[in-house]
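Reviewing the structure listed below.
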There are 2 protein chains.
Amino acid sequence: MSGETRSVPASKTSRRRRNRSDPLSSELIVERALDLTRREGAQALTMRRLGEELGVDPTAVYRHFRDKDELVLACMDRVVAMAYDALDPHLDVQDWRGVLRAVANQSWKACEAHPAIYSLAYHRTTGGPGERKMVELLLSTLARAGLSPRQAVLHYRTFADSMLAMCGMKAGAQSLETTLQEKDAGAWARIYAILPQEEYPAARAHAPHLAEVTERDIYLAVTDAVISLIDATLRG
Amino acid sequence: MSGETRSVPASKTSRRRRNRSDPLSSELIVERALDLTRREGAQALTMRRLGEELGVDPTAVYRHFRDKDELVLACMDRVVAMAYDALDPHLDVQDWRGVLRAVANQSWKACEAHPAIYSLAYHRTTGGPGERKMVELLLSTLARAGLSPRQAVLHYRTFADSMLAMCGMKAGAQSLETTLQEKDAGAWARIYAILPQEEYPAARAHAPHLAEVTERDIYLAVTDAVISLIDATLRG
DNA sequence: ACCTGAACACCGTTCAAGT
DNA sequence: ACCTGAACACCGTTCAAGT
């Protein structure tokens, strides 16, 4: 109970203790877990730290989630649901390109807002309401655009997987410890700018441009490429 | 020193002990780490377990790698180097589509062979020789195809990132514990096949097809989409 | 019914000590 | 020069016990 020298913010003893009249709930746990990871990154999401955040014994969370994996998936589904809810309600469902672009855009925002959760769960199936609504929207949009069920499924997955993969990769990079982040970020400059000219002429020549391309540029390029692919299928 | 009931293969006391005449080396450590993760997955890669594999005290590895991160990056670079070396030496460097497809294909094989390492490091910069040779090959290929330096860099990163992101996502899924893997794999069938018809008509209707699409189909679709994008840039 | 707290079997990493 | 082994500060999770 004596003050640990961990990088915990202000006070120590049950700073956020709930009063006994509002019992722990899955919703509250997810909310606090998202607060915590958003503020302090993926490595802050430990059961002990989360218990502290909730003013509760670390193991109390196990009354609401079987294990940490269930908790992470619940958080991910919440993030997906928030992205869904952030979609413009006046979206024209006939404009399939517009729907796909809007989904891609909100997913990007979601993974920027919650990189830690995204990096932990982007490749998982949550099975939750957020995911279900997103799947329904995309499949119905592609079916309405004129794709056969077989094609709609292939292109739904191509779109969703490429989007999730790109967001997940970015989120993974973003939720590294800051020391590792700097190490990776500086690599292009540190390494590629000083490669031997004879052995790596192209890398050397392009090094100054390598740092100019943004993650966002790349994301938009991939998204557009997949949209063009779907377009070609619809027309051919 | 007494036999632990961990899921360790055969014997216990220094099964693979090296004789003192071949000292530990970075190469040997990387090789054994790849063996280990390939056989037993990402969660087997602990310093203690690796020490056991090498017949050496766990902390001896710290003499060759500053920390576990350095070790993982070295392993990743070796995997990339092996993918590079597996490229057909008779590849026609004028045929940029052929080069890109070959690289995509070998990367896929590499991430299937070493999902654990891939999932740990696909979003990182290794700065090693494997990565450098791959970058050089792709940049020089795109430059020779006729892209300006600015365009070559954008399209190199679009291609490389989408490829790595897709491989990394697959690797992440593949290197989950088997119990979680089954949980996720069965989700489409368990969840989407029984969704309420009124609320999720499209998901329900497409559920039978969802399981038919393979990861490989999706990977090829994304790769082709990016190649088409580059093609359009070259012609437009 | 719900939460607590000790305990277990792990981690990565440091550092003084051994050879 | 290189490796060892104890130790430190963590993990997720279980389960008997408390209220």
Side-chain angles (χ1 to χ4, degrees), chain A residues 1-8 13-14 16-29 32-33 36-37 40-75 116 120 176-177 179-180, chain B residues 1-8 13-14 16-29 32-33 36-37 40-75 116 120 176-177 179-180:
Chain A
M1 272 296 175
S2 63
E4 296 296 316
T5 44
R6 206 138 27 91
S7 62
V8 168
T13 47
S14 63
R16 277 183 191 246
R17 180 168 294 288
R18 303 156 303 109
N19 46 29
R20 11 181 89 262
S21 58
D22 68 335
L24 218 46
S25 69
S26 308
E27 289 71 25
L28 182 62
I29 294 173
R32 287 284 205 278
L36 177 60
T37 52
E40 303 186 36
Q43 79 250 61
L45 187 60
T46 70
M47 301 310 254
R48 284 167 175 83
R49 197 80 178 65
L50 182 56
E52 211 172 273
E53 205 70 14
L54 288 155
V56 119
D57 188 273
T59 64
V61 173
Y62 285 89
R63 205 130 304 266
H64 298 88
F65 296 96
R66 187 181 354 198
D67 52 24
K68 196 181 169 182
D69 188 62
E70 295 278 6
L71 169 63
V72 167
L73 291 182
C75 289
L120 290 170
L176 290 172
E177 294 160 40
T179 68
L180 293 183
Chain B
M1 272 293 176
S2 63
E4 294 296 317
T5 45
R6 207 139 24 91
S7 61
V8 168
T13 48
S14 63
R16 276 183 192 247
R17 181 168 296 287
R18 302 155 304 106
N19 46 29
R20 13 183 85 261
S21 59
D22 69 334
L24 218 45
S25 70
S26 307
E27 289 72 25
L28 182 62
I29 294 172
R32 286 283 204 279
L36 176 61
T37 51
E40 304 186 35
Q43 80 251 61
L45 187 60
T46 70
M47 301 310 255
R48 282 166 177 82
R49 194 82 179 64
L50 182 57
E52 213 170 273
E53 205 70 14
L54 288 157
V56 119
D57 188 274
T59 63
V61 173
Y62 284 90
R63 206 133 300 271
H64 298 88
F65 296 97
R66 187 181 354 195
D67 52 25
K68 196 181 170 184
D69 188 62
E70 295 278 5
L71 169 62
V72 167
L73 291 183
C75 290
L120 290 170
L176 290 172
E177 294 161 42
T179 69
L180 293 183

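Please read all numbers here as calculations on a predicted model, not as lab measurements.
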Between [atom1] of [X] and [atom2] of [Y], what distance do you get to the nearest 0.5 Å?
| X | Y | atom1 | atom2 | answer |
| --- | --- | --- | --- | --- |
| A/Lys68 | A/Leu73 | NZ | CG | 12.0 Å |
| A/Ile29 | A/Leu24 | CD1 | CG | 4.0 Å |
| A/Asp67 | A/Leu71 | CG | CG | 9.0 Å |
| A/Arg32 | A/Glu52 | CZ | CD | 13.0 Å |

Which nucleotide, [options], lies nearest any side-chain atom of [X]?
| X | options | value |
| --- | --- | --- |
| B/His64 | C/dA7, C/dC11, D/dC3 | D/dC3 |
| A/Ala60 | C/dC3, C/dG5, D/dG5 | C/dC3 |
| A/Arg63 | D/dT4, C/dT13, C/dC3 | C/dC3 |
| B/Arg48 | C/dG12, C/dG5, D/dC3 | C/dG12 |
| A/Thr59 | C/dA7, D/dA7, D/dC15 | D/dC15 |
| B/Asp67 | C/dT13, C/dG5, D/dT13 | C/dT13 |

Let me know, please, whether A/Arg66 or A/Gln43 comes out on the 5' side of the other along DNA chain D by nearest nucleotide.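 Between the two, 5'-proximity favours A/Gln43.
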Is there a donor and acceptor pair, one atom on the side chain of B/Thr46 and one on the base of C/dG12, closer than 3.5 Å?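 Answer is no: no donor-acceptor pair is held.
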For atom [atom1] of [X] and atom [atom2] of [N], their distance in whole Å:
| X | N | atom1 | atom2 | value |
| --- | --- | --- | --- | --- |
| A/Lys68 | C/dC10 | NZ | P | 18 Å |
| A/Glu52 | D/dC10 | CD | C1' | 13 Å |
| B/Glu70 | C/dT13 | CD | C1' | 14 Å |
| A/Arg49 | D/dG12 | CZ | C1' | 17 Å |
| B/Leu120 | C/dC11 | CG | P | 15 Å |
| B/Asp57 | C/dG18 | CG | C1' | 12 Å |
| A/Met47 | D/dC10 | CE | P | 18 Å |
| A/Glu177 | D/dC10 | CD | C1' | 13 Å |

Would you find a donor on one side and an acceptor on the other, under 3.5 Å apart, between the side chain of B/Asp69 and the backbone of B/Val72?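 Answer holds: no.
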With both distances under 3.5 Å as the test, what is the Watson-Crick or G-U wobble partner of D/dA7?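 Pairing partner: C/dT13.
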What is the pairing partner of D/dG18, taking Watson-Crick or G-U wobble pairs with both distances under 3.5 Å in any strand?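 Answer to the pairing question: C/dC2, which forms a Watson-Crick or G-U pair with D/dG18.
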Touch class at under 4.0 angstrom, heavy-atom based, for B/Leu71 against every strand present: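 It contacts nothing in the nucleic acid.
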